[in-house]
Peer 1: 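Here you go, one structure.
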Number of protein chains: 2
Amino acid sequence: MTQSLKAGQHQFRSGCSISRTLELFGDKWTLLVVRDLMWHGKHTFQELQRSDEHVPSNILSQRLRRLMDWGLLSRTPYQDRPVRYAYHLTGKGRSLEPVLLQVMAWGHENLDGGLYDPETGVSKS
Amino acid sequence: MTQSLKAGQHQFRSGCSISRTLELFGDKWTLLVVRDLMWHGKHTFQELQRSDEHVPSNILSQRLRRLMDWGLLSRTPYQDRPVRYAYHLTGKGRSLEPVLLQVMAWGHENLDGGLYDPETGVSKS
DNA sequence: AAAGAAACTTTAAAAATGCAAGTCACTAGG
DNA sequence: CCTAGTGACTTGCATTTTTAAAGTTTCTTT
């Protein structure tokens, strides 16, 4: 039994937009799923599962359901017999692109290079 | 003993800048601490603990340590007898502002009603 | 001496995560 | 028909993280 909170039934911790956004994306996987759907042309469960970061299948399943519940993506069958589904971002989902770009830019400028040494302040791979 | 993973010893899951950023900020609290330091003029442990979202004290403690380990903020004594500390963002920490603004904008437009103005510090639902 | 405050830490329970294995609906081959 | 294989999940269970509440430490004030 899963508890997939629909957006309409969710009680936010506070009125802050940052806090609210974190209640949806405040984990290590959700934005990666959005990244792969948005830029990497991955649309099936299997393709999404085979990202560089190796998201566990149960986590992926739960995240896809949550994103659908929130109206950020939709699922459509791409074949019958047997039925197989493809996931696509909705307009709301695609509106996350500026967020993703900003996060990527920050990471690129500050976390690039594999390992970061706080002693020297030097990044190294 | 608590495990405060120093940045230098941290092994990233992948080379993706988004994934890397999520390994630091992929939780429900870290960005809120940054928000309060950046815009709300909160600098002591107690002030940070009294946010609208009520971060548990052990989580706050751990997050502050992590952010310091990563060089995003620093701690300085603001009084002796007894010694009390104030936390401040470093330049690197302040460089998160565009990310925060983008996240806030998205939440404001999509998560219904969570108004927050960094200028006035006003939030209302 | 007693009470209070700030900044944490500890403890135990609850929830989330990660890994491996299993299920279900079919299809293709022998 | 029987077996193997594929895609999309689900289940079980051990591990990790989060949470709420209570406790600790240091020093000041009454």
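Not measured: the values here are computed from a predicted model. Within every chain, numbering begins at 1; the chains are lettered A, B, ... in the order of the sequence lines, protein sequences first and strands thereafter.
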Peer 1: Using the ring of W29(B) (Phe, Tyr or Trp, six-membered ring only), decide whether R13(A) places NZ or CZ under 6.0 Å from its centre and within 45 degrees of its axis.
Peer 2: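 Yes, R13(A) and W29(B) form such a contact.
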
Peer 1: Provide, to the nearest angstrom, the distance between the CD atom belonging to Q49(B) and the P atom belonging to dC8(C).
Peer 2: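 In whole Å, dC8(C) P lies 10 Å from Q49(B) CD.
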
Peer 1: Grab the OH-P distance between Y85(B) and dC8(C) for me, whole Å please.
Peer 2: 7 Å

Peer 1: Find the distance L32(B):CG to dT18(D):C1' and express it as a whole number of Å.
Peer 2: 15 Å

Peer 1: In this structure, how many angstroms lie between the C1' atom of dA8(D) and the CD atom of E47(A), rounded?
Peer 2: 13 Å

Peer 1: For a quick test of reading the model: is some side-chain N or O of Y87(B) closer than 4.0 Å to OP1 or OP2 of dC8(C)?
Peer 2: yes

Peer 1: Strictly by side-chain hydrogen bond (donor to acceptor under 3.5 Å, both in side chains), give each pair with a member in residues 76-85 of chain A just once, sequence neighbours left out.
Peer 2: none

Peer 1: Report the distance from atom CG of L24(A) to atom CG of L96(A), rounding to the nearest 0.5 Å.
Peer 2: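 Those atoms lie 8.0 Å apart.
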
Peer 1: Sugar-phosphate means primed atoms, P, OP1 and OP2; the rest is base. With that split, encode nucleotides 19-30 of chain D 5' to 3' as B, S or - using protein heavy atoms under 4.0 Å.
Peer 2: BB-B----SS--

Peer 1: In this structure, how many angstroms lie between the P atom of dT11(D) and the CD atom of Q62(A), rounded?
Peer 2: 13 Å

Peer 1: Atom SG in C16(B), atom CE in M104(A): separation rounded to 0.5 Å?
Peer 2: 8.0 Å

Peer 1: What's the CZ-P distance between R66(A) and dA15(C), to the nearest Å?
Peer 2: 15 Å

Peer 1: Side-chain N or O of T44(A) versus OP1/OP2 of dG7(D): is the shortest distance under 4.0 Å?
Peer 2: no

Peer 1: For the pair made of CG in L60(A) and P in dT17(C), what is the distance, rounded to whole Å?
Peer 2: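 Checked: the CG to P distance equals 13 Å.
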
Peer 1: Is the phosphate of dA8(D) approached by Y78(A) (side-chain N or O, under 4.0 Å from OP1 or OP2)?
Peer 2: yes

Peer 1: Expressed as a whole number of angstroms, how long is the span from R75(A):CZ to dG7(D):P?
Peer 2: 17 Å

Peer 1: Looking at side-chain heavy atoms only, is the closest gap between R66(A) and D27(A) below 4.5 Å?
Peer 2: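 Result yes, sub-4.5 Å side-chain heavy-atom pair found.
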
Peer 1: For H40(A), give me all partners under ring-ring contact (aromatic ring centres under 6.0 Å, His included), at least two apart in sequence or on another chain.
Peer 2: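 Residues passing ring-ring contact (aromatic ring centres under 6.0 Å, His included) with H40(A): none at all.
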
Peer 1: Is S61(A) near enough to dC9(D) that one of its side-chain N or O atoms lies under 4.0 angstrom from OP1 or OP2?
Peer 2: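 False: S61(A) side-chain N/O out of range (4.0 Å or more) of dC9(D) OP1/OP2.
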
Peer 1: Quick check: closest heavy atoms across S14(B) and D52(A), and the distance to 0.1 Å?
Peer 2: CB-CB, 4.0 Å

